[in-house]
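In this text the structure is predicted, and so the values were computed from the model without any measurement. The sequence lines fix the lettering, A, B, ..., with proteins before strands; numbering per chain opens at 1.
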Number of protein chains: 2
Amino acid sequence: MNIGEVAERSGIPTKTIRYYEDIGFLHPKRNENGYRIFEETELHKLTFIGRARSLGFNIEECRALLALYEDKERGSSDVKKIAQQHVQEIEAKIADLIAMRDTLTHLITACAGDHRPDCPILDNLSDGKGE
Amino acid sequence: MNIGEVAERSGIPTKTIRYYEDIGFLHPKRNENGYRIFEETELHKLTFIGRARSLGFNIEECRALLALYEDKERGSSDVKKIAQQHVQEIEAKIADLIAMRDTLTHLITACAGDHRPDCPILDNLSDGKGE
DNA sequence: TCTTGACCTTCCAGTGGCTGGAACCCTTAG
DNA sequence: CTAAGGGTTCCAGCCACTGGAAGGTCAAGA
């Protein structure tokens, strides 16, 4: 398989696949013209990484998960630990975003949104009050 | 005021303040030894930006908000529009994160988390099933 | 045979919003 | 005289790509 087909089948852009090779996720062989040749196992790996990324795991976490995946001796507790840690980070982000949203919707409700210059949103940014 | 005091009072690191000058948010004067001198208005502006950033507005949005703030002729509808747009983006991010979290907590619940190698989390990353 | 177009290659630079560090200058206290 | 604690500039790095330039390769069609 050439990189284009792998990109198609994994849903990961060629640019990203080359980048993943750069950072050591993959080691595709090359044929005599210099093109990368991918095996099914490499496609599988890429798909794995793609799913992990879409669950918000960062590159280092993906690396760890991949290593655990390939280690038939691992206990599932190692994986679970990584996932739980990650869920906590996600929860924290959600909490931050909800706080932002709530403040903003509050201010938006208070803002007439017309042609007049008076604006509680700017007032809040300016003096921190209006909560 | 020197940069250190401004940093202290605005809660924004000196590095960031210099960066904000770089990108044209501020134009502090200099005294004869080359040090930046800040007026109260500049401190105020920084605090404004700090609040806007903490509500998740990006730099360009901050620039727009600041311009509106300084334009005494603006209508509050312009501000409201920016804020509403921003809330929508936040909502989208929240939805993404919640989807991630739900998938993950689901998988985590299914994962024994013990010494055995069997792991629904890795299985899901590997084949996309297990939902 | 030539050309066209779709592939593929490498390398370099840019994204956003800072942040760290090096190397240096200025001021004040001891 | 020195040391500490300001300040200055400039360059590099973070993360995870992404865009673009400049060029090599291959298969199909005129």
Enquirer: Look at atom NZ of A:Lys29 and say whether more than 12 heavy atoms of other residues, nucleotides or ligands are closer to it than 6.0 Å.
Expert: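 Count not over threshold, so no.
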Enquirer: Might you point out which heavy atoms bring A:Leu46 and A:Ile12 nearest each other, and give the distance in Å?
Expert: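 Nearest heavy atoms, A:Leu46 then A:Ile12: O-CD1, 3.2 Å.
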Enquirer: Crowded around B:Glu70 CD? As in, over 12 foreign heavy atoms under 6.0 Å?
Expert: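 Result for CD/B:Glu70: enclosed.
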Enquirer: Under 4.0 Å between any heavy atoms, over every strand shown, what does B:Ile3 touch: base, sugar-phosphate, or nothing? Just pick one.
Expert: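 Answer is sugar-phosphate: B:Ile3 comes under 4.0 Å of backbone atoms only.
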Enquirer: For B:Asn2 and D:dT8, give me the distance from atom CG to atom P, rounded to whole Å.
Expert: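 For the pair B:Asn2 CG and D:dT8 P, the rounded distance is 7 Å.
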Enquirer: In whole angstrom, give the distance that lies between atom CZ of A:Arg30 and atom P of C:dT9.
Expert: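 So the two atoms are 6 Å apart, to the nearest Å.
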Enquirer: Hey, does the side chain of B:Arg63 come within less than 4.0 Å of C:dG17's phosphate (OP1/OP2), counting only N and O?
Expert: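 Negative; the distance criterion is not met.
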Enquirer: Could you tell me how far apart A:Met1 (CE) and C:dC8 (C1') are, to the nearest whole angstrom?
Expert: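 These atoms are roughly 16 Å apart.
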Enquirer: Hey, are A:Glu42 and A:Lys45 close enough for a salt bridge, meaning a charged N less than 4.0 Å from a carboxylate O?
Expert: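 No.
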Enquirer: Would you call B:Arg116-B:Asp114 a salt bridge at under 4.0 Å N-O?
Expert: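 So B:Arg116 pairs with B:Asp114 through a salt bridge.
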Enquirer: Determine whether A:Ile23 and A:Ile3 fall in the same hydrophobic cluster, where Ile, Leu, Val, Met, Phe, Trp and Tyr are linked whenever their side-chain heavy atoms lie under 4.5 Å apart.
Expert: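 Shared cluster, yes.
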Enquirer: Nearest-Å distance, NZ (A:Lys93) to C1' (D:dC15)?
Expert: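 So the two atoms are 11 Å apart, to the nearest Å.
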Enquirer: Taking 4.0 angstrom as the limit, do B:Lys93 and B:Glu89 come out as a salt bridge?
Expert: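 Judged by the 4.0 Å cut-off on N to carboxylate O distance, B:Lys93 and B:Glu89 do not form a salt bridge.
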Enquirer: Starting from P on D:dC14, measure out to CD1 on A:Ile59 and report it in whole angstrom.
Expert: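 Atom-to-atom, A:Ile59 to D:dC14, this comes out as 14 Å.
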Enquirer: Atom CD of residue position A:Glu8 - does it have more than 12 heavy atoms of other residues, nucleotides or ligands inside 6.0 Å?
Expert: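 Counting neighbours around CD of A:Glu8, 12 or fewer heavy atoms of other residues, nucleotides or ligands fall under 6.0 Å, so no.
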Enquirer: Using every non-hydrogen atom in the two residues, find where A:Ile121 and B:Ala83 come nearest and quote the distance to one decimal.
Expert: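 So the two residues come closest at CD1-CB, 3.9 Å.
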Enquirer: Atom CD1 of A:Ile23 and atom P of D:dG13: how far apart are they, to the nearest Å?
Expert: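 Going from A:Ile23 (CD1) to D:dG13 (P), I get 17 Å.
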Enquirer: Looking just at side-chain N and O atoms, do B:His44 and A:Ser126 make a donor-acceptor pair shorter than 3.5 Å?
Expert: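 Note: B:His44 and A:Ser126 side chains meet the donor-acceptor criterion.
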Enquirer: Which ones in residues 11-22 of chain A lie close to DNA chain D, meaning a heavy atom under 4.0 Å from one of its atoms?
Expert: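 Only A:Pro13, A:Lys15, A:Thr16, A:Tyr19, A:Tyr20 qualify.
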Enquirer: Give me, pair by pair, the N or O atoms of the protein and of nucleotides 27-29 of chain C that are less than 3.5 Å apart, along with how far apart they are.
Expert:
unit_1: C:dT27; atom_1: OP1; unit_2: B:Asn33; atom_2: ND2; d: 3.4

Enquirer: Using a cut-off of strictly less than 4.0 Å between a heavy atom of the residue and any atom of DNA chain D, enumerate the qualifying residues of residues 36-50 of chain A by number.
Expert: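 Heavy-atom contacts with DNA chain D come from no residue of residues 36-50 of chain A; none.
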Enquirer: Determine, for B:Arg18 against B:Glu21, whether the closest basic-nitrogen to carboxylate-oxygen distance falls under 4.0 angstrom.
Expert: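 Looking at B:Arg18 and B:Glu21, the cut-off is not met.
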